[in-house]
Amino acid sequence: MGILSGKRGIIFGALDENSIAWKVALEAKKEGAIFTLSNAPVALRLGTINELATLCQSVVIPADATNTDDLDKLFDQSIAELGGKIDFILHSIGMSPNVRKEKPYTNLNYDFYLKSLDISALSLHKILQVAYQKDAINEYGSVVALSYIAAQRAFPFYGDMAEAKAALESIARNFGYHYGIKNKVRINTVSQSPTATTAGSGVKGFDKFFKFADQISPLGNASAEDCAKYCVSLFSDFTRMVTMQNLFHDGGFSNTGISMNIMEKFEEI
Ligand code: NAI
């Protein structure tokens, strides 16, 4: 018996085997959950999600997470496929056209900016609002969205995704209040270390920053596999009273000023 035995979920955002959502799906399967997998139609064509579906014996349901009609159908189909209401949701969705096109923060394209916010933040609100209005999530259900510390501090290379993550965390807090009152549904964000995925590596200077964060953090960077375990613990009944939180999963990066490792690099200067 795994810790998610008997639970039904929807996992958004597995593109390929590097995706954090991919690792969460494997871990959730290992812990006994059943779930559907969802991604944008274009990602289904470009990625390898069908391989994951075979490994997890899951159905893939296309949905653009910015489109509430798609989400409405996704919930109906998931509930029919899994045989009941949903117990957990992973929001592992992010994309910034400004970051992709290497637009500096001081020269953003505002149409792109709105798209970044819609895909990376408002999509969480849309998923929750559709679920709330359809009463699609069971009591003590758990929703987890992935965030990054650029929501709190300046990371010059992260562009408009910084605002997207700040909005995402705020949506988790505020919807967490309303859904908690209505149905004891829990909503949290997990603020993850830099991770080598399609979205992560798309950020300019990622390799250098990955190494820097690894040397600052007392435990080193948290891997995608460790992140998956943490998300699964948040879906489980072991964390039933955790809600409206932004939870750092970063090897200690967020509470470290400077490390001896980094200090030593400046010794000869
Ligand atoms: P990834 O590129 O594998 O996953 C991003 C996913 O978002 C893709 O599957 C993509 O198809 C999906 N997506 C984009 N537009 C969509 C839309 N309109 N509708 C539905 N899905 C859409 O990369 P990764 O790193 O696994 O990203 C997952 C989450 O983790 C993102 O929110 C990201 O910001 C966050 N994160 C990533 C970190 C990293 O360094 N890789 C660090 C901290 C947070």
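Just so you know, ligand 1 is whichever comes first in the structure, and atom 1 is the first atom listed for that ligand.
Ligand 1 places these atoms under 4.0 Å from at least one heavy atom of Q192: 42 (C), 43 (C). Atoms of ligand 1 lying under 4.0 Å from at least one heavy atom of A43, given by number and element, are 11 (O). The ligand atoms of ligand 1 that sit less than 4.0 angstrom from a heavy atom of G13 are 4 (O), 6 (C), 8 (C), 9 (O). Numbered from 1 in the order shown, with element, the atoms of ligand 1 that lie under 4.0 Å from a heavy atom of A65 read 17 (C), 19 (N), 20 (C).
Heavy atoms of A145 found under 4.0 angstrom from ligand 1: none, in either backbone or side chain. The part of K165 lying near ligand 1 is the side chain, judged by heavy-atom distances below 4.0 Å. With a heavy-atom cut-off of 4.0 Å, S147 touches ligand 1 through its backbone alone. Of the heavy atoms in L15, both backbone and side-chain atoms come closer than 4.0 Å to ligand 1.
Every salt bridge (Lys or Arg N to Asp or Glu O under 4.0 Å) that D135 has, sequence neighbours left out, goes to K85. Listed by chain and number, the residues in a side-chain hydrogen bond (donor to acceptor under 3.5 Å, both in side chains) with N67 amount to none (sequence neighbours excluded).
Among the atoms of M161, none of the N or O lies under 3.5 angstrom from an N or O of ligand 1. Taking distance alone, with nitrogen or oxygen atoms compared against 3.5 Å, D64 approaches ligand 1 more closely than that limit.
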**Request:** Could you walk me through whether K103 and D160 pass salt bridge (Lys or Arg N to Asp or Glu O under 4.0 Å), step by step?
**Result:** CA-CA 9 Å; K103 301 283 269 175; D160 55 2; over 6 Å; no
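The nearest protein atom to atom 13 (N) of ligand 1, hydrogens excluded, is given as I93 CG2, 3.8 Å; this is a heavy-atom distance. Scanning the protein heavy atoms around atom 42 (C) of ligand 1, the nearest turns out to be S193 O, 3.4 Å. Distance from atom 15 (N) of ligand 1 to its nearest protein heavy atom, with residue and atom name: I119 CG2, 3.5 Å. If you check which protein heavy atom lies closest to atom 11 (O) of ligand 1, you get N39 OD1, 2.8 Å. Protein heavy atom nearest atom 5 (C) of ligand 1, with residue, atom name and distance: S92 O, 3.8 Å.
The closest heavy-atom contact to atom 39 (C) of ligand 1, among the options I20, T195, N18, comes from T195. Of the options D250, V203, L146, the smallest heavy-atom separation from atom 30 (O) of ligand 1 is shown by L146.
Looking only at atom types and distance, the side chain of T189 has a donor-acceptor partner in the side chain of N246 under 3.5 Å away.
Remark: K29 is not positioned above the aromatic ring of F35, lacking an NZ or CZ atom under 6.0 angstrom from the ring centre and at most 45 degrees off the axis.
Comment: D118 engages K126 in a salt bridge, judged by a side-chain N to carboxylate O separation of less than 4.0 angstrom.
With hydrophobic clusters built from ILVMFWY side chains whose heavy atoms lie under 4.5 angstrom apart, L15 does not share a cluster with I93.
Note: H178 and Y132 fail the aromatic proximity criterion, with ring centroids not under 6.0 Å apart.
Residue-ligand proximity: S120 is placed with every non-hydrogen atom at 4.0 Å or more from ligand 1.
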